[in-house]
Amino acid sequence: MTTYVWDYLREYESERKDLLDAVETVFGSGQLVLGDSVRGFEQEYAAWHGVRHCTGVDNGTNALKLALEALGVGPGDEVITVSNTAAPTVLAIVGAGATPVFVDVRESDFLMDTDQVAAAITPRTKALLPVHLYGQCVDMTPLQRLASKHGLKILEDCAQAHGARHHGELAGTIGDAAAFSFYPTKVLGAYGDGGAVITDDAQIDANMRRLRYYGMDKVYYVVQTPGHNSRLDEVQAEILRRKLVRLDEYVAGRQRIAQRYAETLSDVLALPQVTPGNEHVYYVYVARHPDRDRIIEELKKHDISLNISYPWPVHTMTGFAHLGWAEGSLPVTEKLAKEIFSLPMYPSLPTDVQDRVIDAVRKVLA
């Protein structure tokens, strides 16, 4: 039986009764769109983070795009972010009509090199978009200083960082707003697509609610400003409510698995480094080795199929060639893309399966 980096079936079996009850709750409620389940999840997710507002949307990409629009980002503006991320981060910027401006990442933790941000700011810069990649937070202190100095907005990309902390503060509570994805693989994952934006700012939240619902404000058919159809599904919201109460448990499970990898593989692989002040939630467990491609091919012979997050930096993709970022312009990002790969990581990963992965990796690297 092949082992993959992610699997939900064991978790589903243990939570099946609760999840099916969530579906029955929605189907029997009499309201299938923007009903009690969405409202309940929004209130509970905001409260879990200690913020005032949460708006549920249909996916993480639109969470980013609508959040940028809610922050006033649009055509002619620039948004500073990284290329070592999933393409949706950059697609959201382009979708809002703005121009992405990339800075490189740090070789130690693969996160935004905040020392490079000041030099990237121009009169057109409107927002900073740090990506809390793989499960730990970007160093937000220098970004907060720069945002204050230059009058910029900060939108945190928290798609991979549910429950992560930075000097005790939860990811998503540090900037002006934060976008989350609830894609099934996430630390807090739905059984389909879903996303949300949290904020303490009532105006940003009002903008979000209008934008996700065609641009309408309270009165149906009356469009206040061009918007979208980006509502969080009632069934997914109710499932997320049931899973939210287990989020701390999911994080603890991931951290135990990460500790086991650290104890057994640190002598043969470069393993994730936790930046001081961070609490890592290990959305994915990204290791590094210069012989990455051979390792992945050899592990297939052991029925172990691994992922690379991400093999192609966004600025090198043909779909973003118009942005004018030549290969070689972000050397650390490009170097990492040739060396990083992900080991299996999900809370229900059985110990014996993890041990089989560990043994296989050690044999391949012997």
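These numbers come from the heavy atoms of this one structure, side chains and all, not from hydrogens, waters or symmetry mates.
- Using a distance-only test at 3.5 Å, with no hydrogens or angles considered, a donor-acceptor pair links the side chain of R292 to the main chain of A337.
- Using modelled atom types and a 3.5 Å distance limit, the side chains of T25 and R242 yield a donor-acceptor pair.
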Show, in sequence, the C-alpha distance, side-chain angles and deciding distance for K243 and D18, and conclude whether the salt bridge (charged side-chain N to carboxylate O under 4.0 Å, His left out) test is met.
CA-CA 9 Å; K243 297 189 72 175; D18 195 23; over 6 Å; no
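- Using a cutoff of 4.0 Å between basic side-chain nitrogens and carboxylate oxygens, E11 and R246 are not scored as salt-bridged.
- Side chain to side chain, S37 and E238 meet the donor-acceptor criterion of an N or O pair below 3.5 Å.
- With salt bridges taken as basic N to acidic carboxylate O contacts below 4.0 Å, none links R294 and E297.
- Minimum heavy-atom separation, V79 to L129: CG1-CB, 3.8 Å.
- V284 approaches S342 most closely through the heavy-atom pair CB-OG, 4.1 Å.
- Looking at K65 and H228, their side chains do bring a donor and an acceptor atom within 3.5 Å of each other.
- Checked by atom type, the side-chain pair Q136/N278 shows a donor-acceptor distance below 3.5 Å.
- When each of Y250, F182, Y283 is tested with H162 by the rule ring-ring contact (aromatic ring centres under 6.0 Å, His included), just one qualifies, namely F182.
- Between the side chain of R124 and the backbone N or O of E78, no donor-acceptor pair lies under 3.5 Å.
- Looking only at atom types and distance, the side chain of R356 has a donor-acceptor partner in the side chain of T3 under 3.5 Å away.
- Two rings, from Y310 and W312, have their centers 6.0 Å or more apart.
- Pairing each heavy atom of E234 with each of L32, the nearest pair is CG-O, 3.2 Å.
- Contact detail for A287 and L269: the closest heavy-atom pair is CB-CD1, 4.0 Å.
- In summary, of the residues considered (T125, T81, L143, L152), a side-chain contact (heavy atoms from CB on, under 4.5 Å) with V117 occurs for L143 alone.
- The aromatic rings of H49 and Y45 stand perpendicular to each other, their planes meeting at an angle above 60°, with 30° marking the opposite boundary.
- Counting non-hydrogen atoms of neighbouring residues, nucleotides and ligands closer than 6.0 angstrom, the CZ atom of R52 reaches no more than 12 such neighbours.
- Ring geometry for H315 versus F102: interplanar angle of 30 to 60°, hence tilted.
- Looking only at atom types and distance, the side chain of E263 has a donor-acceptor partner in the side chain of Q259 under 3.5 Å away.
- At least one donor-acceptor pair closer than 3.5 Å links the side chain of D104 to the backbone N or O of V332.
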Go through it in stages, so that I can follow the logic: the residues are R362 and D267, the test is salt bridge (charged side-chain N to carboxylate O under 4.0 Å, His left out), and I'd like the CA-CA distance, side-chain angles, deciding distance and then a yes or no.
CA-CA 10 Å; R362 296 195 66 86; D267 61 326; 2.8 Å; yes
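- Between L188 and L244 the shortest heavy-atom distance is CD1-N, 3.9 Å.
- For the pair A63 and V197, the tightest heavy-atom approach, listed with the atom from each and the gap, is O-CG2, 3.3 Å.
- With hydrogens and angles left out, the side-chain atoms of T316 and E334 include no donor and acceptor closer than 3.5 Å.
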